[in-house]
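Values reported hereafter were calculated over all heavy atoms of this structure, with side chains retained and with hydrogens, waters and symmetry mates removed. Counting starts at 1 for both ligands and their atoms, following the listed order.
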Amino acid sequence: MKLWDKGGQVDAQIENFTVGMDRELDHQLAKYDVLGSIAHITMLESIDLLEKEELLLLVEELRRIYHEIEEGNFKIEEGVEDVHSQVELILTERLGDLGKKIHSGRSRNDQVLVDLKLFFRDKIREVVGDVVELFLSLMKRADKHKGVLIPGYTHLQVAMPSSFGLWFGAYAESLIDDVISLQSAYKISNQNPLGSAAGYGSSFPLNRQMTTDLLRFESMNYNVVYAQMGRGRVEKNVAFGLANVASTLSKMAMDVCLYMSQNFDFLTLPDALTTGSSIMPHKKNPDVFELLRSHCNRIQGLPNQITLMMNNLPSGYFRDLQLIKEEILPAIDDLQECIHIAQYAIDNLKIKDHIIEDPKYRLVFSVEEVNKRVLDGVPFRDAYKQVGQEIEAGQFETDLQVHHTHEGSIGNLCLAQVKLKMQHMIDQFNFEKLDEMKEDLIGE
Ligand code: ARG
């Protein structure tokens with residue numbers, strides 16, 4: 001079934017190629033297609049393009065389809081191009097000609113756009129929820145191990161004292177910035193494209209503010225040409241949000257692999273979370289963190305991939321855009337799995353004690369010693385020189401004490417403030433609006 005069927009023949013090979021993965025991928029958009037349709041026809045009735053009774057029948061049937069999707073009883077049939085065609089086909093099968101009325105004043109171009117935006121809002125909500133769980137795990141470990149000192153590095157040379165409190169807390173705070181980036185993707189998704197139709201609007205007196213309100217969009221993409229230009233841009237911005245979370249996870253995974261190496265020996269994993277070697281009987285490898293790193297590095301390539309796929313496309317719709325779904329949809333699932341695994345593995349990390357007491361780390365206290373002398377009245381440059389010369393002469397002594405008190409330092413991690421900052425970011429999403437929309441349109 002083609003919505004655009006005018007009686008001609010379509011080449012089967014070309015059809016296969018142009019439909020591509022749409023039947024599988026569009027399945028994830030089905031619920032949102034129904035929500036968009038309910039909003040659209042509610043608006044059509046308000047401008048007299050549908051009778052009140054017609055609207056009631058259509059909404060009832062669309063709600064039924066929504067529940068069928070939720071129960072797993074919805075399928076995009078063989079020969080049906082995409083989710084938009086499937087929903088219209090079901091309506092027409094069940095309600096006759098009435099089903100054919102819902103497409104007035106829209107096109108699959110604005111339909112897939114609205115589906116994607118509604119889908120991204122929900123997915124970003126889920127990802128943010130997962131990120132917050134991981135954040136809380138990291139914050140807990142930061143607090144628990146705040147007294148465990150480790151060497152900090154610059155140039156991968158031992159530099160100054162650090163701690164596991166700082167290390168866990170750093171990745172927690174990094175996730176806050178990632179949430180800010182997801183928030184920007186959310187804001188870009190949260191603008192209504194519906195009514196832009198094929199990308200040039202419609203001669204019907206559509207009430208775009210009404211569909212904006214019904215779908216709880218924060219605003220609309222006013223200019224219909226720009227609304228269509230949003231295709232690909234929205235996906236790219238979501239990809240940036242995902243890529244930022246992925247960059248935090250991959251750096252953390254790299255640190256864990258390094259710290260678990262016998263040469264560092266700062267932490268271990270329980271045996272059950274490691275993997276062995278087929279030849280070396282002693283091996284307990286951190287494959288879980290290596291694969292996390294690899295998955296997350298791949299996700300970081302996503303904005304680039306989407307940029308290339310859109311490169312030099314003029315304004316207006318092109319079928320090229322369809323393929324972006326093949327990149328972004330699986331990447332969301334991939335990142336969510338990575339966040340879950342990262343949290344599981346982090347919760348199981350075993351931190352070693354007494355790391356800093358190893359004599360090979362003695363020199364990380366050089367700045368502590370310089371600063372002590374400065375506090376005793378020696379000018380910094382002179383103190384620096386004295387300590388430097390003592391180190392060169394092999395006479396450097398230190399007592400392994402650190403006295404860091406300023407905000408964000410070893411002795412004052414400001415975990416409460418960091419938690420508040422995260423809470424503040426979450427509050428700005430206003431996710432409750434999504435439940436409100438569903439309640440209104442589906443009636444539950
Ligand atoms: N599957 C298409 C996509 O993802 C839906 C829009 C089709 N529009 C068109 N003019 N052929 O882009």
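The shortest heavy-atom distance from Arg231 to ligand 1 is under 4.0 Å. Heavy atoms of Lys325 approach ligand 1 to within less than 4.0 angstrom. Remark: distances from the non-hydrogen atoms of Asn109 to ligand 1 include one below 4.0 Å.
Annotation for Asn192 and Arg208: closest pair O-NH2, 3.0 Å, computed over non-hydrogen atoms. Closest approach of Arg108 to Ser85, counting heavy atoms only: NH1-OG, 4.1 Å.
The aromatic rings of Phe164 and His145 sit perpendicular to each other, their planes meeting at more than 60°, with 30° as the lower class boundary.
Distances between N or O atoms of Gln322 and those of ligand 1 include at least one value under 3.5 Å.
Here the two rings, on Phe266 and Trp167, have centers that are 6.0 Å apart or farther.
Looking at atom 3 (C) of ligand 1, its nearest protein heavy atom turns out to be Tyr317 OH, 3.3 Å.
For ligand 1 and Asp22, the ligand atoms under 4.0 Å from any heavy atom of the residue are 1 (N), 2 (C).
When each of Gln300, Arg293, His295 is checked for a side-chain hydrogen bond (donor to acceptor under 3.5 Å, both in side chains) with Ser250, only Gln300 meets the rule.
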